[in-house]
Each structure stands twice: as C-alpha cells, then as structure tokens.
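Heads up, the thing below is written out as structure tokens.
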Number of protein chains: 2
Amino acid sequence: MTDPTDRLPPLNALRAFEAAARRLSFTQAADELNVTPGAISQQIRQLEDYAGTPLFKRTGRSVLLTDAAQASLPLVREAFERISEAGRIMQAPARKGRVMVSCAPSFAAKWLAPKLGEFHRTHDGVEAWISADMGLTDFAMADADFTIRYGRGQYDGLKSEKLLDETVLPVCSPALLEGPDAIKRPEDLRHHTLLHDESGENDPSCPDWTSWLHARHVEDVDGTRGPRFNQAILVIESAAAGRGVALAKQAIAAADLASGRLVAPFADGSTLIDFGYWLVWPKGRHLSPDVRAFMKWVKAEAANTAVVGV
Amino acid sequence: MTDPTDRLPPLNALRAFEAAARRLSFTQAADELNVTPGAISQQIRQLEDYAGTPLFKRTGRSVLLTDAAQASLPLVREAFERISEAGRIMQAPARKGRVMVSCAPSFAAKWLAPKLGEFHRTHDGVEAWISADMGLTDFAMADADFTIRYGRGQYDGLKSEKLLDETVLPVCSPALLEGPDAIKRPEDLRHHTLLHDESGENDPSCPDWTSWLHARHVEDVDGTRGPRFNQAILVIESAAAGRGVALAKQAIAAADLASGRLVAPFADGSTLIDFGYWLVWPKGRHLSPDVRAFMKWVKAEAANTAVVGV
DNA sequence: ACTCTTGTTTAGTATTGCTGATGAATTAAA
DNA sequence: TTTAATTCATCAGCAATACTAAACAAGAGT
C-alpha cells in the first residue's frame with residue numbers, strides 16, 4: 001500500500017503529464033521533453049486510461065486541467081522534486097572534488113574567475129567549474145550545485161543568501177583624465193562619449209546617465225547619447241579601451257580599477273542600488289561539503305572586496 | 001532546477017532500485033515486480049551508469065547498499081509514496097460511489113457482510129466492495145481504500161483506529177443443551193468435542209481450551225483434544241453444525257448467537273483479549289467523502305454490537 | 001568437492017515510446 | 001465568411017527500451 005507494488009501510474013507518462021500541466025500546453029511540454037506533440041498526447045492518453053478519467057479538458061485551442069489532474073498534480077511535482085534530488089545524491093560520489101557553479105556572465109568573468117586561482121590554492125583537490133549563463137533557465141541550473149544571480153534575491157522555490165551589494169559609478173580609461181578635455185567635474189562629460197549599461201534595466205534603483213547627471217544638476221549634457229550594451233562586461237571593456245565614460249557596476253569594474261586600467265573620475269560618483277549578487281540554490285538540495293566550502297570561500301572573498309572596493 | 005527538466009534518473013530503473021534496496025535482494029525484487037532477476041540486474045546497472053558510481057556492493061551471496069544508495073533511498077521512497085498517492089487521487093473520480101475495503105476473512109463474512117445491506121440502504125449511490133484477504137500483503141491493500149485488520153493496532157507506516165474489542169467465549173449448537181449429556185457446567189464438556197480456533201495464535205492473551213478450563217478449575221477434561229481450525233469462521237460453522245463446543249470469537253459468533261443458531265452455555269465464559277479489530281490505512285492517504293462515510297458507519301455499527309453483543 | 005543460491009551476461013524477443021504525416025477543431029486575421 | 005495558423009488526436013511504421021531464457025560465475029553450506 002505504501003509499497004510501490006501498488007499499481008503505480010506509468011512513470012514516464014507522469015513526466016509528460018507534469019510538463020503538460022505546468023505549461024498547460026502539449027506542444028510546449030513536447031518541446032521541453034524534446035519529443036513531438038504526438039508523443040505527449042499518447043502519454044497523456046495512457047495516463048488517462050490508467051486514471052479512468054480525463055486529466056485535461058481539451059478546448060480546441062488550449063488545454064485545461066480537470067479536478068483529478070488538479071488534485072494529483074502537487075503530489076506528482078513533489079515526487080519529481082525528490083527524484084531529481086535523489087539523482088543528484090546518487091551522483092555525489094562521482095562529483096566529489098568538483099563544485100559546479102552557474103554564474104551571471106559579467107560577474108563570472110570580472111569578479112569570480114580572477115579569484116578562482118586563490119580558491120584552488122587553498123582548497124587542494126577541489127576544482128570549480130564555472131558556467132556563465134544568462135537566462136538562468138532551469139536547464140542551465142540543472143547541473144550546477146548552485147548559482148550566483150544578480151537581482152533582488154527573491155526567487156520562487158529557491159533559497160538564497162546575499163553575497164555582495166552592488167553600486168554604480170562612472171569609470172573611464174586613465175587617458176581621459178589628461179589632455180585638453182580632461183575630466184575633472186561632471187560638466188566635462190560633455191566632451192566625451194557616454195557608455196550605457198542596460199544590463200540592470202529592470203532595476204528601478206539603478207541610475208542611468210540621465211538620472212545621474214540630473215542628480216548632480218548637470219543640465220547641458222545629453223544623458224541619452226552614446227552606445228548601449230546589454231552586458232556589464234562590454235561597457236567595462238569599452239571604457240578600458242578609451243571609448244568613453246561608463247556608468248559601471250562596481251563589482252565588475254573593481255579589478256580594473258585596482259589595476260589602474262580604469263579610474264573613477266569623481267569622488268562622489270557612486271550609488272548603491274537595490275540589486276546585488278546572491279547565492280541561490282533549490283530549497284531541498286543537499287549541499288556537499290565541497291560545495292559548502294566553496295560557498296564559504298566566495299562569501300569571504302565578497303566580504304573582502306566589499307571593504308576594499310568601494 | 002526544481003524543474004523535471006533536470007537530467008532525471010531513469011524512472012523505471014528507480015523502481016527496480018527501490019525494490020532491490022528494500023529487500024536487499026535482486027531476486028526478491030524481481031519477484032515483487034514480476035520480472036526475472038536478469039531484468040533487475042540490468043535496470044540497476046543502468047541506474048549505476050547514470051549515477052556514475054555503484055549502488056550495491058555485490059558480495060557474492062547477498063547485496064549491500066553503498067553510501068550513494070543509502071543516501072538517496074529515502075528520497076526515492078518518498079517519491080514513490082507520492083506517486084502512488086497521486087495515482088489514487090487521479091482515479092478518484094472513476095471510483096466515486098465505491099468504497100473498497102480489505103477485511104479479515106471471518107470478520108468480513110460474519111460481521112461486516114451481513115450489515116452491508118443496511119449501509120447500502122442508508123447511503124444511496126455508494127456501493128461497498130469487500131475483499132477478504134488473509135495475509136494483508138501490500139498487494140491486497142493496493143486497491144483498497146482502507147483495511148480492517150485483526151491485531152494490536154500497531155502498524156509500521158500506517159494510521160489505525162480501534163473499531164471493536166474482541167472477547168472469546170464457548171459457544172455451541174442449542175442441541176447440545178439438551179439430552180443426557182446436556183451442557184450445564186464446564187465439567188460437562190468432557191462429553192463433547194472441543195473445537196479449537198488457532199487464528200488468534202500469536203495473541204498471548206487469547207485463551208485456548210486448556211487455559212480456559214484451567215482458569216475454571218476443571219481438571220479432568222483434556223483441553224488439547226479435538227479438531228483445530230485456522231479460521232474463526234470455520235470453528236463457528238462447525239459449532240453451529242453441532243460438531244462440538246467452540247472457544248469462539250465473540251464478534252464472529254455474535255450474529256449466530258443472536259439468531260439462536262448458536263448459544264453460549266456458560267454465563268461467565270467470556271474473556272476480553274488484547275487483539276481487536278482496527279481500521280487501518282496508509283498515513284498520507286487521502287480518504288474520499290464516501291470512504292469517510294463508510295468508516296463512520298462501520299464505527300457506529302461497531303459501537304452498537306459492542307453494547308448488544310457481550 | 002558438490003550443491004544451492006544468487007547475481008551477471010548475452011542474444012533474441014516483446015513491449016513501449018516516438019516520429020511524421022494526416023485530420024479535425026478552434027481562434028484570429030483578412 | 002473565408003483563410004490561415006495553431007493545437008491536439010490518430011495511425012502506421014520504426015526505434016529504443018525492457019524483458020526473457022539460458023548459460024555462466026562466485027560465494028556459502030553441507
């Protein structure tokens with residue numbers, strides 16, 4: 001009875017059911033599972049035969065859940081969550097000594113990757129695999145032990161822990177501080193190209209050039225002109241190349257500021273924003289000792305840079 | 001990540017794994033799943049390929065769980081419990097108006113079945129399916145909404161509720177109360193066949209003829225002679241046929257005592273025993289309104305007979 | 001050493017699952 | 001209203017998976 005000897009529903013059909021129920025679409029479910037819609041249709045029908053009752057109301061265009069489906073779905077979901085987690089645990093011995101992190105691309109390149117050597121030095125026998133993923137689709141996460149995300153830290157069924165705050169400030173190549181158009185005060189920006197970082201677009205607290213200039217009562221500089229980039233690292237690299245002045249994320253720029261490849265022309269230019277960097281992982285996930293060690297190390301590094309950097 | 005898009009382990013292989021892990025035997029797992037041991041072996045190997053690590057330590061004779069298996073097993077179990085329950089819920093609409101009860105055979109025949117007409121009369125549109133099962137294997141339970149078990153009411157992962165106490169007392173055909181060997185006192189039993197019920201064998205509190213006679217200081221009657229039956233109902237029917245005097249379970253004999261087909265020759269003959277009848281069902285199980293109604297009715301009936309019967 | 005039990009392996013077979021084409025039903029646009 | 005697009009259903013054929021049967025290997029018990 002509690003025993004799986006029970007006439008269990010066909011397991012693979014349950015996968016199709018779960019996907020179709022989540023998406024409310026056979027086509028999308030098919031897409032997700034990399035099969036044709038026909039396959040989904042057949043699997044669902046098989047499950048309906050088992051149930052003895054329909055699970056979806058077919059309304060021509062889209063598809064709705066019946067009560068039976070509605071009622072059983074949460075349990076099916078929980079079951080798959082556990083199976084997924086069980087799978088990871090089984091694989092744990094094979095993954096020993098390996099920490100896999102999915103990370104926002106710019107942060108991975110400019111903050112995390114440069115520090116990895118240090119981690120490897122202090123944690124012998126543990127290697128870190130970094131995967132720079134944009135969308136942070138479930139898929140990208142699938143193989144990672146945890147992710148580092150840029151955002152507000154509130155995620156659906158996930159646990160998260162603040163890693164680092166982010167601030168925004170103007171940066172440019174040191175070359176721009178010299179010569180006839182040397183940047184001394186905000187007004188001097190009128191002679192230079194403004195580089196725009198649109199990667200923080202959905203953060204209302206993140207200033208763009210227009211609002212930054214406005215806050216400093218600089219009226220005669222058009223804050224809208226200049227090229228736009230959808231990745232923080234692109235703005236940084238453009239600025240470092242001397243292309244212009246970027247309103248850049250501190251965490252991403254920090255290494256280049258420290259090395260002198262970039263400079264911050266204004267003393268009071270930086271603004272703390274709402275978004276930050278977060279360690280994120282699924283709620284029920286078992287974190288191995290190696291993973292915990294890596295997390296601890298990252299947090300320590302973050303605490304360091306937070307003091308030194310700003 | 002929480003998403004089943006994760007590279008899930010092969011689901012059918014998980015079933016084999018769960019069974020093999022529970023039994024610590026591929027052969028028994030094969031038996032349970034109605035396949036050959038070879039099939040189990042292959043499924044396990046497939047899962048080990050997925051895990052990248054062995055799940056069993058093969059020690060020639062038997063098999064042991066590795067750490068990876070040990071660690072993931074609880075989650076796999078929980079997953080299957082949920083899947084099993086989800087399956088039932090899916091089937092609920094198809095089962096509407098039907099309550100399936102698995103019941104100890106004698107109790108089913110002599111106590112439950114005769115009262116079912118009354119239930120059907122008062123609960124229109126709900127039909128009860130009774131399955132009389134001995135072993136109460138998980139398999140028998142598989143399709144039942146709940147079971148009625150005879151025992152002490154303590155079951156592994158199951159919930160239970162006391163239905164009825166049981167008492168044991170001598171009964172016989174009314175014919176034996178007449179004639180030259182009429183039974184008036186315990187001593188008179190010497191002239192009659194003693195019928196033995198061995199169905200309560202593993203209940204130490206349940207008296208047999210020897211202990212019953214001993215308690216009444218009847219020394220010259222051999223309590224060991226006479227036929228033995230492994231089912232309460234067989235003893236009752238033998239007694240009703242005039243074969244002899246049975247030390248019978250009250251609940252099973254009650255209807256025949258009420259109708260006069262059986263009589264209790266001694267006023268003080270009955271002994272309350274530890275075992276009783278219990279409603280039992282799996283912990284996480286969702287009980288439908290129909291099932292709840294049936295349970296309520298059975299308990300009411302039990303409360304009735306408890307008063308009238310003893 | 002012999003036997004019994006249990007897991008493994010392999011080739012062949014059965015079952016299950018998927019595709020790709022076609023059809024029907026519904027919605028949205030022309 | 002027609003037309004086009006989208007979505008699910010169905011079916012025959014093919015592919016992948018799961019299972020069997022039989023022969024093998026390796027303890028454990030006699």
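Within every chain, numbering begins at 1; the chains are lettered A, B, ... in the order of the sequence lines, protein sequences first and strands thereafter. Basis for what follows: all heavy atoms, side chains included, without hydrogens, waters or symmetry-related copies.
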Should [X] be listed as having a side-chain N or O under 4.0 Å from OP1 or OP2 of [N]?
X     : N     : answer
A:S41 : D:dA9 : yes
A:R45 : D:dC8 : no
B:R58 : C:dT8 : yes

What is the separation between atom [atom1] on [X] and atom [atom2] on [N], rounded to the nearest whole Å?
X     : N      : atom1 : atom2 : result
A:E48 : D:dT10 : CD    : P     : 10 Å
B:I44 : C:dG7  : CD1   : P     : 10 Å
A:Q28 : D:dC8  : CD    : C1'   : 14 Å
A:D49 : C:dG17 : CG    : C1'   : 15 Å
A:L24 : D:dC8  : CG    : C1'   : 14 Å
A:L47 : C:dT16 : CG    : C1'   : 15 Å
A:L55 : D:dC8  : CG    : C1'   : 15 Å
B:R23 : C:dG7  : CZ    : C1'   : 17 Å

Can we say [X] and [Y] salt-bridge, meaning some charged N sits less than 4.0 Å from an Asp/Glu carboxylate O?
X      : Y      : answer
A:D197 : A:R228 : no
A:R95  : A:D290 : no
A:E81  : A:K283 : no
A:D143 : B:R7   : no

Legend entry - A:N230 versus A:S199, side-chain donor and acceptor atoms under 3.5 Å: no
Legend entry - B:F107-B:Y150 aromatic ring centre distance below 6.0 Å: no
Inset, instruction - Treat primed atoms plus P, OP1 and OP2 as sugar-phosphate and everything else as base, then score nucleotides 15-30 of chain D 5' to 3': B for base contact with protein heavy atoms under 4.0 Å, S for sugar-phosphate contact only, - for none. - result: ---SBB------BS--
Inset, instruction - Using a heavy-atom cut-off of under 4.0 Å over every strand shown, decide if B:T27 touches base, sugar-phosphate, or nothing. - result: sugar-phosphate
Inset, instruction - Check every strand shown and say whether A:S62 touches a base, only sugar-phosphate, or nothing at a heavy-atom separation below 4.0 Å. - result: nothing
Inset, instruction - Compute the bend angle of the helix from C:dT3-D:dA28 to C:dA30-D:dT1 from the end axes (five pairs per end), rounded to 10°. - result: 30°
Legend entry - Qualifying side chain to side chain donor-acceptor pair (under 3.5 Å) pairs, either residue in residues 33-53 of chain A, two or more places apart: A:E48-A:R58
Legend entry - Main-chain N/O of B:R225 paired with B:H196 side-chain donor or acceptor, under 3.5 Å: yes
Inset, instruction - Can you label the angle between the A:F146 ring and the A:F294 ring as parallel, tilted or perpendicular, going by 30° and 60°? - result: tilted
